[in-house]
Number of protein chains: 2
Amino acid sequence: MARTTGSHSDITGPRVRAAALRLFARHGFAAVSMRQIAMEVGVQVGALYNYTPDKQTLLFELMRDHMIELLRAAVTFPRDMPLADLENFVRFHIAFHHDRPDAVFIAYMELRNLEPDNFAEIEALRGQYEAVLESILEAGRFNVADRKIATLAIIAMLTGVSTWFRTGGRLSLGAVQEQYWEMVRRMVGPEGGSV
Amino acid sequence: MARTTGSHSDITGPRVRAAALRLFARHGFAAVSMRQIAMEVGVQVGALYNYTPDKQTLLFELMRDHMIELLRAAVTFPRDMPLADLENFVRFHIAFHHDRPDAVFIAYMELRNLEPDNFAEIEALRGQYEAVLESILEAGRFNVADRKIATLAIIAMLTGVSTWFRTGGRLSLGAVQEQYWEMVRRMVGPEGGSV
DNA sequence: GTCTATATTCTGATAGAC
DNA sequence: GTCTATCAGAATATAGAC
């Protein structure tokens, strides 16, 4: 979209972040140039540097904002009914990630492209998110041999939904949530037993 | 490592692939230059083109070879005892992926950077691998609401091991295999039941 | 705040000597 | 088969006009 010279700081900033999010998710951070982002926004490349000091910071802030939003949404569980909390966590994780496919993709794929300090900060936020699930597993009488492993296994399983789920496919998101909750429930449920 | 002029085709080819595998896994396909690969191998950049027509083909062949090797190793299960086959699959997937961390990383992260025809070929191979697990789930009397979803959930869960497992850590690989098998067994086991 | 123009470095790939 | 040299273009980031 062509643009004329003028003052648009109030809307250009969000548009830069949105364009970067979209392009980084599609093609990868390293494969996307500042020129491509500028073209998507409809400005010249120099204008981008009013909104980010450099490309690396742009990536980092997208990832950080996503992780903070995820974390803020995740810590609202009541923590008094572990089974209900676990179910809520499962449904929440699937829904939240479904609503933000680009941010999820970047948060999992572009860790390699973060400079060490930025990487450490994102990893710390990820650890906090894992701790939410871990504390739910700790609070309940779940049949879990190793809480840390169960945490990582469940999160990996749930996050995997975003690699194949498409709205309008064979299953609704609700049906997917239902089935994953059933699988998680059985995985950590008290019945265990022999086969 | 500096090299002198001469004929080394018998060893340079594998060294090019090994260097590309390593660098692509560390930094991402788009972030790695042919010059970096050449430096890692110890040749000048022009020499690389004796072994690949271009960078894209180098990536594609690494991914294709990995998927073919994975598939060949996976179809050896007997298919007559579903529960044993499922356990073997779980242990196999974890061990195989643990032995090839760079190839696994690339196979899951660099799909975006494949040209359409190459992407289709890799996706087909991935589908065949998923079909191996799906047929095991089909052969047994497993308590699975949707076989396709269970297949994808299990593979995502197992593949996630490679994001955190490190030899010499708190748990041995055997212990990890054991715990994942226990989780998968409960997830698809016949006991199901209420909570 | 955005533009145009530019500095500097790097990119994938090729040509031809040895 | 590897080297050196090179092409043509693209990369990030900056400077200064408006």
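Order of the sequence lines sets the chain letters (A, B, ...), proteins ahead of strands, with each chain counted from 1. No hydrogens, no waters, no symmetry mates; every other heavy atom, side chains included, goes into these values.
Looking at B:His97, its side chain does come within 3.5 Å of a backbone N or O of B:His93 through a donor-acceptor pair. A donor-acceptor pair under 3.5 Å links the side-chain atoms of B:Gln56 to the main chain of B:Glu115, judged by distance alone.
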Practice problem: Would you sort out whether B:Phe96 and B:Phe89 count as a ring pair (Phe, Tyr, Trp, His ring centres under 6.0 Å), showing the intermediate values? | Solution: CA-CA 10 Å; B:Phe96 188 92; B:Phe89 184 93; over 10 Å; no
Could you write out each protein N or O paired with an N or O of nucleotides 6-11 of chain C at a distance under 3.5 Å?
| residue | atom | partner | partner atom | Å |
| --- | --- | --- | --- | --- |
| C:dT11 | OP1 | B:Ser33 | OG | 3.3 |

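Between A:Tyr49 and D:dA15 there is no side-chain N or O to OP1 or OP2 distance below 4.0 Å. Phosphate contact (OP1/OP2 of C:dG1, side-chain N/O of A:Thr12, threshold under 4.0 Å): absent. Between B:Gln44 and D:dT4 there is a side-chain polar atom (N or O) within less than 4.0 angstrom of OP1 or OP2.
C:dG12 atom P lies 13 Å from atom CG of B:Leu59, rounded to whole Å. If you measure from atom CG of B:Leu48 to atom P of C:dA15, you get 17 Å, rounded to the nearest angstrom. Protein atom CD1 of A:Ile37 is 12 Å distant from nucleotide atom C1' of D:dA11, rounded to whole Å. For the pair B:Asn50 CG and C:dG16 C1', the computed distance is 14 Å after rounding to whole Å. The distance from atom CE of A:Met39 to atom P of D:dA10 is 11 Å, rounded to the nearest whole Å.
Counting non-hydrogen atoms of other residues, nucleotides and ligands closer than 6.0 Å to CG of A:Asp99 gives a total above 12. Summarising the local packing, CG of B:Asp117 is surrounded by 12 or fewer heavy atoms from other residues, nucleotides or ligands at distances under 6.0 Å.
Here the options are B:Trp164, B:Phe92, B:Phe165, the test is ring pair (Phe, Tyr, Trp, His ring centres under 6.0 Å), and the partner is B:His98; only B:Phe165 passes.
Distances were taken from every side-chain heavy atom of B:Ala47 (C-beta onward) to each of D:dG1, C:dC3, D:dC3; the shortest belongs to D:dC3.
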